Every structure is written in structure tokens, then in C-alpha cells.
Amino acid sequence: MKAIGYSLLILVAACAWAAVAGASWSYDPEENNAVCTEPGDQSAVRVACDGAGGYIAVWVDARAGGTDIYAQRVDATGGTSWSAGGVAVCVAAGDQDSPRIASDGAYGAIVVWRDGRSGSDTDVYAQRIDADGVVQWAPNGIAVCTLAGDQDGVVLAPDGFGRVYVAWEDHRIDAADEDVYAQLVGFGGTVQWTPDGIALSDSTGAQRSLAVACDDGPDGAVFVWSDDRASDGGIHAVRIDASGAVVWSSATSLIDGGATYWDHPAVIRDGWGGAFIACEGTMGSGELDVLGQRVSASGDVLWGSGGATICSAAGDQYAVRLVTDDAGGAILAWNDERTGLSADIYALRVDGWGASQWPIYPSGLPISSGLDEAGSPAVVADGAGGAVVAWHGGQPDYEDIFAQRVDAGGAILWAFDGETVSSAFGQKWEPQVASDGAGGGVVVWSDFRNAGNFDVYAQRMERNGYLGYPAAEITTVRDHPDDQGGQMVTSWVPSYLDVWPRDEVGYYTLWRRYAGVTRGARPLRSFPWYLDPRDPAALERDGWAYVGQVQGYQLPEYSLVVPTYGDSTDAGVIWTDVMVMAHSYFPDDCWISEAATGYSIDNWAPGPPDSLKAVAA
């Protein structure tokens, strides 16, 4: 046994326990997590994953009287990471609006928007913001296009290498009829193609309603739009590589299907160099239907010369969205008025040839089918072949936010007509959703609960449809008192599913991991958002080892003794990470806590020496 030194006693006094800091995701639909509640309206919010377990939201902000662009990062546990109220992306003169956001591939994001700083017309600007919330390009952004005439309707898609493809509607030639242009913006904020963009189409008539998609790779992007050219109106597309060269373009329409009107296309890449495209179109009946097309890597249409009709149910179908099914097909979601009673949301999964993969629902699966009006859906792939859909709905002036998850087979996984994401007082608008990488998602929206202006709120929905994250929370990790070392005590408060009257947690397991040796303060540990708690092999690969378990009894606090990887002495502190996993009564339902860190010491003083002898000098 070794006596502990005076210097280590000071360290013990300063660091005798380790607690998990930071905010937590709300699990009350009337509370949610505030992202920005500054004066003035915050609206038109958009969100992207940052690649580090967090999410970056961007919005139009009227706190200064005009409209500017602000952003905020929400971390994996629901806390905001940057300056309170968000960081300014652009506060230039004039109004800025219509922001769009994409990951920059380096834990930050690239934002583009419509900009009125010139005073005479609107232009397109962009800015990159890093993981710490610091803008990386010129103050208030770099110019993407500033030619005379309005530029608006801006969209973007990341290429996976820190660059983004940007496209917009452009009035440089004709103030009445817009054309469509595009630009590639590099990681450092330099435009890669011809200044002010290259023309995707400048045909006669209007080209509008752009959409763009890009695989993570060097093969470029696919741009689609609605085209009113007199010769061959319909949905047109072009694929352009990273050098700005046209790989293929559609001289004839990809989708018309006999429609007399077509608009609002959506596009995703198909993983083989081509793309899936969908839109709304007015057919002979005078109603809007959902039309679709797939284009090969060489630009050939695969679902017929006029495309395929995905849904032609009674009433209008519109506002179609597309995500991948991770199996060579796509999942579509749209607003649907087939009942004649309200606008609902339907979805359908199709394979690479446009055939329905949900035969029980050949014209779409009802996602929301109540009497309340549903707003346009926001959709994200769930990473398991299905999708998470979010929308606002309810009575005028009192819309709530809802979400639903559907699996690859067309089964509804959450509550009928969707889980309530937010039911706080007041209007809530335009929810956007980003994947959490584990079958759920984070929803952000504009919210009028504070009765004065719109703010930005967020809510996490985990894969089983629970709000927030039903994990336990570690409160302390302390040295086990009065022992000979090698042990520490981990304490935690229960999951909210283990608090009376809920009884949905069967037991807790505790895990440990070696965390290294230091001479100073404990190493920082972040939430292990990247782990799948249902996969023991993933835990083991990350260094976690099972310690033991405790039954769930709806107690206010639990504790378990954990063996450490060695005692701390004057030579250094040997740290041990700990993590608690809450398990429901169903095998797949389990949730890992934030990690915490602690250490042990030998508390017993050494005994008197045996056979002590004195020798005279």
C-alpha cells in the first residue's frame, strides 16, 4: 500500500467527483428546447447535421428591425453551443432572407441566402461558419451572383468535400421571366466556375422552382426545374460535374405525363450516377397528382418518356418530398386532399423502376389523416430504409408540430396520426427535420408561444417515438470511501420512463472504459452520440466493457460500485469513463447516458513498519 501524497490530496479535494454538465432534451411537448428567443421574429428556419452529433440551425432574424441571417448549434444533448441568441451570419444593409444550409464536411456549415444589400435588386450570397460558430469567409458573406436583375429561389447541395453547389432563379436577361443558373463554391469561399454562375437553362419562357442533389463524390450535381418553354414544357434537368462541364442535359421534358401544369420538383441522387425526380402536375381531371421519373447516369429516362404517375387519387396531391430508401429506391411524401375534408400527408416507397414497395397502399400510406389541416411535410431518411416525417397541423392560429416514422415495409412505428412534438400555446410553422443517425430526428420550427414574435424551438424524437432522450443522467462519480483503492461509486438519476407513474424501464446496465492518465484535471468527455446502444460489438470497439446491472424500481437515484483501471497517486491520475444504459422491457429499446469520468485512490494509510531498527552513525 502506498500513502497518498499531499499534492494528490489537493487534487482530490478539487476533483473528488465528476458530473455531467450541459442541457438536456425536453420530453414535455409543451416545453421543448429554445434555440433563439430574441426580440423580433425568427422565421424560415432550416437545419443540417454537423457530423459531430449536433445540428446547426439557420433562420431569418428581425431583432434589429430589418431581416438578417443568424445561426445556432444545438448539441447532441439539446444545449446551444454558440453565443446566446445565435451568431450573426449576415447583418449587412438591406434585408436578407430565404436561407438554405448544408454541412461543410468539417463540423460546420455553409449557408446561402437571398440578399438585398444593393438596394436595387436581390443577389445571392454565401457564408461558411465553423464548428465554433465563427464565420470563415468575408464579413457578411461572399457574393455568389450580383448581376443586375433579381436573383432568388436559391437552393444548395453539398458535395462531401466541403464545397456546395448553389443554384437560383435569375432575371439578368428578362425581368418578367426567370432563367436558372448555378455555381460551385469552394471550401475557402471562392467561386469555382464562371463569375456570377453558368446558365442551366435560358430558354424562352420561365424556368423556376429549382431543386439540386449531389452524391458525396466528384461526379457533380443534378439540377432540376420546372420549365415553361414553348417547345417542350415540363420538368427539365442537367447534370454538371465539378469542373462546370455538362455531363448531360434534357432537351426534352423528363416529366410531363400529359400534364397541363407541372411544378415544385424534388430530386435525390440514386447512388448510380443518376437521379430520382418527382413533382406535382395537373392532369386531365384538373387535379394535381404526384409524377415521377428516374434518370440514368447517362441521362436516359428509365420510367417512360413522360415519366410515371406515382399517385392519382381523388383531390389534389402536392408539395412532394423525396428521400432515399437506402436500397436503390426512394420514399416520397406529399400533401393529399383525397378525403375532401382536409389536407393530409401520405407517403409511398418505390423501387428503382418506380413500382410501389407497399402493395397494401398502392396510392400512398396515410401518415396524417385527421380532420386538421396538415402543412407541407419535411422528410429525412431514418438510416434503416424508412423515413421520419414532420409537419405542422391543427386549427388556424393554433397549429402544433407532429412527427411520424415509417419503416421500409410501410409500417407506422409511432402513434396514430403522429407523435405530438410540440403542443405549446400559439402558432408553430414550417418544421424542418434532420436525422439523429439512430432512427430518429431533430425537428426545428418557428414558434409563437411567447405571444409577441416568432422564436426558434427544437425537439429531438428518438427512434421509438419518445421525446427527448430517455436516458439516465449520471450525477456523480466518486472514489469509494474507506477502501484500499480500485473502486469508485457511480450514481445516476433515472430515465424519465422510470419515474412514477411510468414503468417502462426494466433495468440499467453500467459500462466502463479506460480514459488515460493525466497530471491535472480530468479529460473532457462528450456524449457518445455515434454509438448504437443495441449493438454490443459497437460498444466494445469503442472501448466499453460491461460492469453490472441494477433493476429499475422507480427510485429517485441509483448507484453501483465500478472497478477502476488503477489507483491515482502522485505519479498521475488514472481516469475511468463510465456510462449508464437504460433498458426497457423490449430488447431493442435502450438508451445510453452521457459519459462521465472518475478515479479511485487507496484510502488506507500504510501500517507501522515491522522490525524497525536504529543504527547509530
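Throughout, numbering of the chain's residues begins at 1 and tracks the sequence. These figures come from a predicted structure and were not determined experimentally.
Only one option out of Val578, Val580, Leu510, Val561 pairs with Val547 in a side chain to side chain contact (heavy atoms under 4.5 Å, CB included); it is Leu510. Shown are Val58, Val89, Val35, Val91; of these, the side chain to side chain contact (heavy atoms under 4.5 Å, CB included) with Tyr70 is made only by Val91. Evaluated for a ring pair (Phe, Tyr, Trp, His ring centres under 6.0 Å) with Tyr514, the options Tyr599, Trp575, Tyr565 yield exactly one hit, Tyr565.
Taking the salt bridge (charged side-chain N to carboxylate O under 4.0 Å, His left out) definition, one finds that Arg460 meets it with Asp436, sequence neighbours left out. Applying the salt bridge (charged side-chain N to carboxylate O under 4.0 Å, His left out) criterion to Asp535, with sequence neighbours excluded, gives Arg541. With sequence neighbours excluded, no residue satisfies salt bridge (charged side-chain N to carboxylate O under 4.0 Å, His left out) with Asp132. Residues satisfying the ring-ring contact (aromatic ring centres under 6.0 Å, His included) test with Tyr553, not counting sequence neighbours, are none. Checked against salt bridge (charged side-chain N to carboxylate O under 4.0 Å, His left out), Asp567 has no partners two or more places apart in sequence or in another chain.
Val456 is not listed as a side-chain neighbour of Trp445, based on a closest heavy-atom distance of 4.5 Å or more. In this structure, Val505 and Tyr507 have side chains that are not in contact, with every pair of non-hydrogen atoms separated by 4.5 Å or more. Side-chain contact between Ser26 and Leu467: absent, with no pair of heavy atoms (C-beta onward) separated by less than 4.5 Å. Looking only at side-chain heavy atoms (C-beta outward), Lys428 and Phe454 stay at 4.5 Å or farther from each other. The closest side-chain heavy-atom distance from Gln459 to Val442 is not below 4.5 Å. Using a 4.5 Å heavy-atom threshold, the side chains of Ser600 and Gln487 count as separate. Looking at Leu497 and Ser584, their side chains never come closer than 4.5 Å, going by heavy atoms from C-beta outward. Counting heavy atoms from C-beta on, the side chains of Gln127 and Trp113 come closer than 4.5 Å.
Separation of the Trp25 and Tyr469 ring centroids does not fall under the 6.0 Å cut-off. Aromatic ring centres of Phe187 and Phe161: separated by at least 6.0 Å.
Using a cutoff of 4.0 Å between basic side-chain nitrogens and carboxylate oxygens, Arg512 and Asp577 are not scored as salt-bridged. Here Asp588 does not pair with Arg534 in a salt bridge; the nearest charged N to carboxylate O distance is not below 4.0 Å.
Put simply, the side chain of Gln554 gets close to the backbone of Arg502: a donor and an acceptor are under 3.5 Å apart.
The stretch residues 443-458 participates, sequence neighbours left out, in these salt bridge (Lys or Arg N to Asp or Glu O under 4.0 Å) pairs: Asp447-Arg449.
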Chi angles and distances behind the ring-ring contact (aromatic ring centres under 6.0 Å, His included) call for Tyr466, Tyr27: CA-CA 8 Å; Tyr466 293 112; Tyr27 53 88; over 10 Å; no
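Within 6.0 Å of atom OH in Tyr585, more than 12 heavy atoms from other residues, nucleotides or ligands are found, so the atom counts as buried in its surroundings.
For the residue pair Asp75 and Thr77, a side-chain donor N or O sits within less than 3.5 Å of a side-chain acceptor on the partner.
Atom CZ of Arg405 and atom CD of Glu462 lie 9.0 Å apart (nearest 0.5 Å).
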